[in-house]
Amino acid sequence: MHYRPEFEASLRVCPACNYHDRMTAAERIALLLDDPPSFRELDAEVTAADPLEFQRPSGSYPDRVAKARALTTRNEAVVCGAGSLGGRTVALGVMEFGFIAGSMGGATGEKITRLFEYALRRRLPVVTVTASGGARQDEGLFALMQMARTTAAAARLGEAGLPYVCVMADPTLAGVTASFAAVADVIIGEPGATIRFAGSRVVQGTLRRRAPVEDHTAEWVQQQGMIDLVVARRELRRTVARVIAALAPHPAPAHAPSPPPRPAASPAARV
Amino acid sequence: MHYRPEFEASLRVCPACNYHDRMTAAERIALLLDDPPSFRELDAEVTAADPLEFQRPSGSYPDRVAKARALTTRNEAVVCGAGSLGGRTVALGVMEFGFIAGSMGGATGEKITRLFEYALRRRLPVVTVTASGGARQDEGLFALMQMARTTAAAARLGEAGLPYVCVMADPTLAGVTASFAAVADVIIGEPGATIRFAGSRVVQGTLRRRAPVEDHTAEWVQQQGMIDLVVARRELRRTVARVIAALAPHPAPAHAPSPPPRPAASPAARV
Amino acid sequence: MLDFEHPLDDLRARIDALERDAEADPNSDITRELAILQLELEARTADLFANLTPWQRVQLARHPQRPHTLDFIERLCSEFIELHGDRRYGDDPAITAGLASVGGRSVVVAGHQKGRTTADNVKRNFGMAHPEGLRKALRLFDMAERFGLPVLTFLDTPGASPTLQDEERGQSWAIAENMARLARLRTPVIVIVIGEGGSGGALALGVGDRVLMLEHAVYSVASPEAAAAIIWRDSKHAPDAAAALRLTAPDLLRAGLIDRVVPEPDGGAHRDYDTAAANLANELTPLLDDLCAHDPDDLVHARYQKFRAMGEFTQAPAATS
Amino acid sequence: MLDFEHPLDDLRARIDALERDAEADPNSDITRELAILQLELEARTADLFANLTPWQRVQLARHPQRPHTLDFIERLCSEFIELHGDRRYGDDPAITAGLASVGGRSVVVAGHQKGRTTADNVKRNFGMAHPEGLRKALRLFDMAERFGLPVLTFLDTPGASPTLQDEERGQSWAIAENMARLARLRTPVIVIVIGEGGSGGALALGVGDRVLMLEHAVYSVASPEAAAAIIWRDSKHAPDAAAALRLTAPDLLRAGLIDRVVPEPDGGAHRDYDTAAANLANELTPLLDDLCAHDPDDLVHARYQKFRAMGEFTQAPAATS
Ligand SMILES: [Zn+2]
Ligand SMILES: [Zn+2]
């Protein structure tokens, strides 16, 4: 929130070339939610365990997590909560790319899953903003399974007739693109954002059929039919609000659900 | 049925090059149903009206219909009924290409729709065999609407968990391909059959990406991902029976529904 | 300007000249002369349009200045968010689809989109949808059902795109799947034929609880040119085919194949988009209110019965069979 | 023959030679000598396989002679009708799918399909599915639900195909849509990891009520080579990565990420397809009977809870947040 004055002017967008620089989760939240700031964070204390006791040459996984926590002042690569967007309460999950490249581990998946479940219980729309390198290797197959559980949670939202909008920011890759991000009802890309399945693999592409824009940018992905809109940051809040209003014309009374209390330490925690 | 001995030997398939010649509806029915012949025809008396009082330079539409009736001894371009296939009662609709190029008019659509409704009431699987030039021009928009009503009838079958298999014979074109034929659960093409959307229009195709077989043949359409199987006539009955047995493992007791009585002149007839 | 509109050209030119004169000389009194000429124009327009041949209606339906789907959406809807892509293969500019608000009510809209300039028409393939365009609409139909939003479709196409590439991606399958989905959709569906309703490509968006048709729109199993080529072996007989096919709105209303004819402004919708849209809005608003009050089961059942009844037939003498 | 199997080569060669000798001279008595050698082979095989390193298991899972999806279908199913195509874009030979019968019960099967020859592997893209392959499976999942048939999936892939063309057709979207569909499918789903369970391409067929895994199969968030390249900046560290990723069946059973390890015959499934399939059938039959007795609502709920529980986390001290 404290970044507000400076990005209010620039939104981290270059006025000359429209380059959309990466934002922190806090900047994103301020960008998306109404004034005055209404964000109430959920599950802020949930953080990574080390199920594989994973060691890299550069250090242990818990060391990496500790560094990321110090760097971002967050406990995980996603910040979840509720707030007012376009005058209506939404459940909001924003990935923090600065936290181990926004990678998705068990705690990340837990928070995202809880967010969908929270929205389901309170009948709220969900907005996610993705910025991620994909699944977090250090948790092995546990990390892969976050794709399944977050996607399953998102699928239940649709069955309940609650709208889900995903904003794909730079970069949205691999295990996040191919899970809860891709199943949103409406998908919005940020200008120039890299959106793709294959991470760093060498890809031999020769055929360029329909692409006057650079491969794997949001604009290109839209041309391929995979996302609905590419929306400049300045228009983002308004567009998300319009989409939600269109999909859920008769919401639970706006403003009525008071900001949820932070839940007590979850009994579901397994470690 | 009287054709049985001669096609039993050849099935109208060239032993040298596997060319599958067109068959009459009667030959088809004998090919598909079990021995002894068990076919009980439905709605045989339904025939075309002339809603547009349509005149071609070559004569009136009723004249064309009369000629087709004389030629084929059928009243319409589809023969519908029930019979035993693989030891189980199925609803069977077979198009008669000799009847105005198997074109679909109001009476054709009525019979096909009634077939699906008959199957729905008795909880029978449906098998159709298509051979058609598409919608019958002489009935104008009435003909086009047969696409909607036959497709809607087929869709209700799926909702009721009853299997529907379509055999696309030569040729399956335009308004028939693009309606009740395409929505079958399993689609089988006959070897070499032409299957396409665009009728006689000139099509400027240059790109040949994946096609070692001739465009618009059943084999080509299978490569494009649109049909499940290409099955030689000799194997057709067995394959259709296996598919139905797989999709409806617990049928209404086989043989139990006695061959349906021909219904009294339908009160739904509007002309 | 269409050929049959030429008789009005002279009158319109004289009115224009008179108005220019009056501007040049503010003291001249043209009131009376102008009034006479305008009355005559109205009378002759009414006369001409009261006696349009089917072929003339085909030309009006295809008029390059005729309002297209986006022109109607702009005027009918207070909000419009165009959505893109089928999430499988591509985004097809020949189909416009998205979320909109009509009279304060959220709806899903989908329609064929013709262009006006040559470049735009090339991009939009003259309103001839590719399979991915129909599948974009299908995705939005599913979304409408998920969120309980009514669907409005706008029909304006010569037909579905018929190239080899369209066959490769299953044009027939796309059309059939859309019809099946619309037939069973558990939310109201209103179909509006605004221009050319061409064959299966039109019907892929055309299965609804009510089918409205603009006064000079046409709706046909095949284009008059194609029908003439088949029937007369000469596409120059297109005017004859247009008459034989009974493709005009009044004919189709009589035949029971559409529910309502929406009047167009004098001289056709292309002369006054706002009035054309306002006339449509007049029909649409009460219809939406009515349909939205129905139970989904009842809607689906009634929609089935509606199309179930389309198709004439008779009983042959038993001896023939 | 894999490197680590070489210690057995000499023994196997001696047994073969002895049997050839006996064939040449029917009077020779080799019974005792042969019995001794065979006992020794069994003992050393058991010893070797009891102490396989994770990297050795990766090699076994990728063994060119390892039984693939069709090999299992052939042995498990009394009927198999392979179905083709996604009805939208193409038919992908990297996915085999169809209708089958297992123990008298109709099922839908879908699995990654590797080839054995180079030509076959090129055709099947080494078991790396294209989006249209995953969508073929999706079509069959829908069919399974429509007809109340249980689904069996076979996982055996290095991963989903990652080329530009796959991106163009929405590889991420295909994977996500399959997971979402399987998660909510109202019919039993049994997942069997038979060889390589590689990343999202595997998981696209991997969301089920039970996940079985063959003894020497592996299942991993990334290939050991890719993980080594990321973590050690050198894919030669693949054996280290294989160990670190805990990708073996016993490890994953301990972690609670799979439900059951299916024992393989001595020396690995590639030495005896029939026994491998019989061992799988032993697990499968009672499992199918059990799951088919459940109410669809209960199945879907339990499946959600099963995957819901996969993922470890802890609570940070409140001060940090
Ligand atoms: Zn710049
Ligand atoms: Zn021959």
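Below, read A as the first sequence line, B as the second, and so on, with proteins coming before strands; counting in each chain starts at 1.
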Compute the ring centroids of Y164(A) and F180(A), then answer whether they are less than 6.0 Å apart. no
Do you know which of [options] has the most heavy-atom pairs with chain D at a distance under 4.5 angstrom?
options	answer
M226(A), M145(A), E117(A), R56(A)	M226(A)
T151(A), I187(A), V176(A)	T151(A)
P57(A), A155(A), S58(A)	P57(A)

In this structure, CG of L134(D) is separated from CH2 of W173(D) (nearest 0.5 Å) by 14.0 Å
Examine whether an atom of [X] lies under 4.5 Å from a heavy atom of chain A, and if so say whether it belongs to the side chain, the backbone or both; otherwise answer neither.
X	result
L252(D)	side chain
Y219(D)	both
L257(D)	side chain
L203(D)	side chain

Between [X] and chain D, with a heavy-atom cut-off of 4.5 Å, which part of the residue counts as in contact: side chain, backbone, both or neither?
X	value
E76(A)	neither
A148(A)	both
Q137(A)	both
A153(A)	both
V221(A)	side chain

Answer yes or no: is there a side-chain heavy-atom contact under 4.5 Å between [X] and [Y]?
X	Y	value
R210(D)	L291(D)	yes
P51(A)	E139(A)	yes
L120(A)	R156(A)	yes

Ignoring hydrogens and geometry, is there a side-chain-to-backbone donor-acceptor pair from K111(A) to V78(A) under 3.5 Å? yes
Which residue is it: E45(A), E96(A), R69(A)? I am looking for the one with a side-chain hydrogen bond (donor to acceptor under 3.5 Å, both in side chains) to N75(A). R69(A)
Please tell me whether D156(D) and H112(D) have a donor and an acceptor in their side chains that are separated by less than 3.5 angstrom. no
